[in-house]
Engineer: 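Got a structure for you, questions after.
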Protein chains: 2
Amino acid sequence: MLPEFRCDCPFTSALDILGDKWMLVIIKQMLIEGKETFKDFTESEEAIATNILSTKLKLLEELGIIVKTKRPNNKKTNLYLLTDTGLALTPILVELATWSDKYLRDIHPGIVNGEEMQLLRNDKAAFASRLEKKYREKLAAN
Amino acid sequence: MLPEFRCDCPFTSALDILGDKWMLVIIKQMLIEGKETFKDFTESEEAIATNILSTKLKLLEELGIIVKTKRPNNKKTNLYLLTDTGLALTPILVELATWSDKYLRDIHPGIVNGEEMQLLRNDKAAFASRLEKKYREKLAAN
DNA sequence: ATAATTACTTGCATTTTGCAAGTTATAATG
DNA sequence: CATTATAACTTGCAAAATGCAAGTAATTAT
């Protein structure tokens, strides 16, 4: 079921949809970690419970952020893929990671700090469009 | 009390802090609506409950996202102000509003659509730096 | 034919959020 | 200067979201 909107503020309205512990994490797993099946998500580092995953995937689909499909030769495995609306969340994720990188290391030193983070620091916009491009190529390959 | 981090992912870590219904709404109210006292927040359109407000303000302070102060001549009224760490959340808010503007109007037609939104569409980066500048000027005026 | 895999659902415990009322300290008012 | 109002909370309890563990149904692999 679609959530209610608290008011007409564009900032708050985005958070009425995305402002919880899981929605953007699921999007991240799809965009960055290439996860696409129910099982993929359950095996993630963040360890989402299956009942919550199920609820959130339904909501994301209802909102048009993802679509649920199957491969023609497999009746068992569902594929969850980002739509344009979902891919348009990339800049939000990039800004979240940028903020983490700059301000969260003090209280959480373990945050990953490899080559990908260098690319992010170096050019946020390029990082975002590279992610989107890669995802679209993957979609085209299906 | 500081929240726990689910893992070392920079995206997920940001959401461990900001991924709820209220944290970024409070930041938005400070940055965009100029709210700075406990009462200001309780009078907001989003109608946050006082117990939750109290909890979140404490957490934001503990995280160094805001500071709590007073004006020299008023012992009663507390002022909550954004730090640099808090101001650095501006790009996230801007991206959230941009996404709302483009993709949420279908299911929530009431989203405000005035002159400010035109400015946002026209130049996101300029919109963000204008917000930050305005806030810093206000801080300097105190 | 049997076992394993995938995608869930269900029941219950815990945590977070929300509402309404109460409390304390300071400030304004007559 | 006594009374009232205001600001900033806290407390108790209800409701909703999240989390855990176990179970189920429909494929697919062996």
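The shown structure was predicted, so the numbers you read here are calculated from the model rather than taken from an experiment. When reading the values below, keep in mind they use all heavy atoms of this one structure, side chains included, and skip hydrogens, waters and symmetry mates.
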Engineer: Take a 6.0 Å sphere around NZ of A:K102 and say whether it holds more than 12 heavy atoms from other residues, nucleotides or ligands.
Structural biologist: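 At most 12 heavy atoms, drawn from other residues, nucleotides or ligands, come within 6.0 Å of this atom.
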Engineer: Is a donor on one side and an acceptor on the other found under 3.5 Å between the side chain of A:T37 and the backbone of A:L79?
Structural biologist: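 No: the side chain of A:T37 does not pair with the backbone of A:L79.
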Engineer: Check whether any side-chain N or O of A:T83 sits under 3.5 Å from a backbone N or O of A:G64 as a donor-acceptor pair, and report yes or no.
Structural biologist: yes
Engineer: At a heavy-atom distance below 4.0 Å, what parts of residues 16-33 of chain B sit against DNA chain C?
Structural biologist: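 Contacts with DNA chain C under 4.0 Å: B:D20, B:K21, B:W22.
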Engineer: Judged by atom type as modelled, is there a donor-acceptor pair below 3.5 Å linking the side chain of A:E36 to the main-chain atoms of A:M30?
Structural biologist: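 Checked: no pair found.
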Engineer: If I take atom CG in residue B:L53 and atom C1' in nucleotide C:dT16, what distance separates them, rounded to the nearest angstrom?
Structural biologist: 16 Å
Engineer: Among residues 38-49 of chain A, which contact DNA chain C at a heavy-atom distance under 4.0 Å?
Structural biologist: A:F38, A:K39
Engineer: Verify the contact: side-chain N or O of A:K58 to OP1 or OP2 of C:dC8, cut-off strictly under 4.0 Å; return yes or no.
Structural biologist: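 A:K58 to C:dC8 OP1/OP2: no side-chain N or O under 4.0 Å.
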Engineer: Please determine whether side chain to side chain donor-acceptor pair (under 3.5 Å) holds for the pair B:N51 and B:S54, giving the CA-CA distance in whole Å, both sets of side-chain angles, and the decisive distance to 0.1 Å.
Structural biologist: CA-CA 5 Å; B:N51 55 345; B:S54 180; over 6 Å; no
Engineer: Would you say the side chains of B:E46 and B:Q29 form a donor-acceptor pair under 3.5 Å?
Structural biologist: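 Yes, B:Q29 and B:E46 have a side-chain donor paired with an acceptor closer than 3.5 Å.
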Engineer: Atom CD of B:E61 to atom P of D:dA8: distance rounded to whole Å?
Structural biologist: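 Rounding to the nearest Å, CD of B:E61 and P of D:dA8 are 14 Å apart.
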Engineer: Look at the side chain of A:T37 and the base of C:dT6, then say whether one donor and one acceptor between them are separated by less than 3.5 Å.
Structural biologist: no
Engineer: Let's see if you get this right: which residues in residues 67-82 of chain A place a heavy atom under 4.0 Å from DNA chain C?
Structural biologist: A:K68, A:K76, A:T77, A:N78, A:Y80
Engineer: Starting at atom CG of B:N51, determine the distance to atom C1' of C:dA20, rounded to an integer number of angstrom.
Structural biologist: 10 Å
Engineer: Report yes or no: is the cationic atom of B:R6 (NZ for Lys, CZ for Arg) closer than 6.0 Å to the six-membered ring centre of A:W22, at no more than 45° off its axis?
Structural biologist: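 Output yes; distance and angle both within limits.
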Engineer: More than 12 heavy atoms of other residues, nucleotides or ligands under 6.0 Å from CD of B:E137: is that the case?
Structural biologist: yes
Engineer: Taking everything shown except B:K75 itself, do over 12 heavy atoms lie less than 6.0 Å from its NZ?
Structural biologist: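 For B:K75, atom NZ is not crowded (no more than 12 foreign heavy atoms under 6.0 Å).
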Engineer: NZ of B:K134: more than 12 outside heavy atoms within 6.0 angstrom?
Structural biologist: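 Atom NZ in B:K134 is not crowded, with 12 or fewer foreign heavy atoms closer than 6.0 Å.
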Engineer: Between the base of D:dT18 and the side chain of A:T55, is there a donor-acceptor distance below 3.5 Å?
Structural biologist: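 Absent.
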Engineer: Taking CD1 from B:I52 and P from D:dT11, how many angstroms apart are they, rounded to a whole number?
Structural biologist: 16 Å
Engineer: For A:E115, look at atom CD and say whether over 12 heavy atoms of other residues, nucleotides or ligands are found less than 6.0 Å away.
Structural biologist: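 Open: at most 12 neighbouring heavy atoms sit under 6.0 Å from CD of A:E115.
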Engineer: Quick one: is D:dA8 close enough that its OP1 or OP2 comes under 4.0 Å of any side-chain N or O from B:S54?
Structural biologist: no
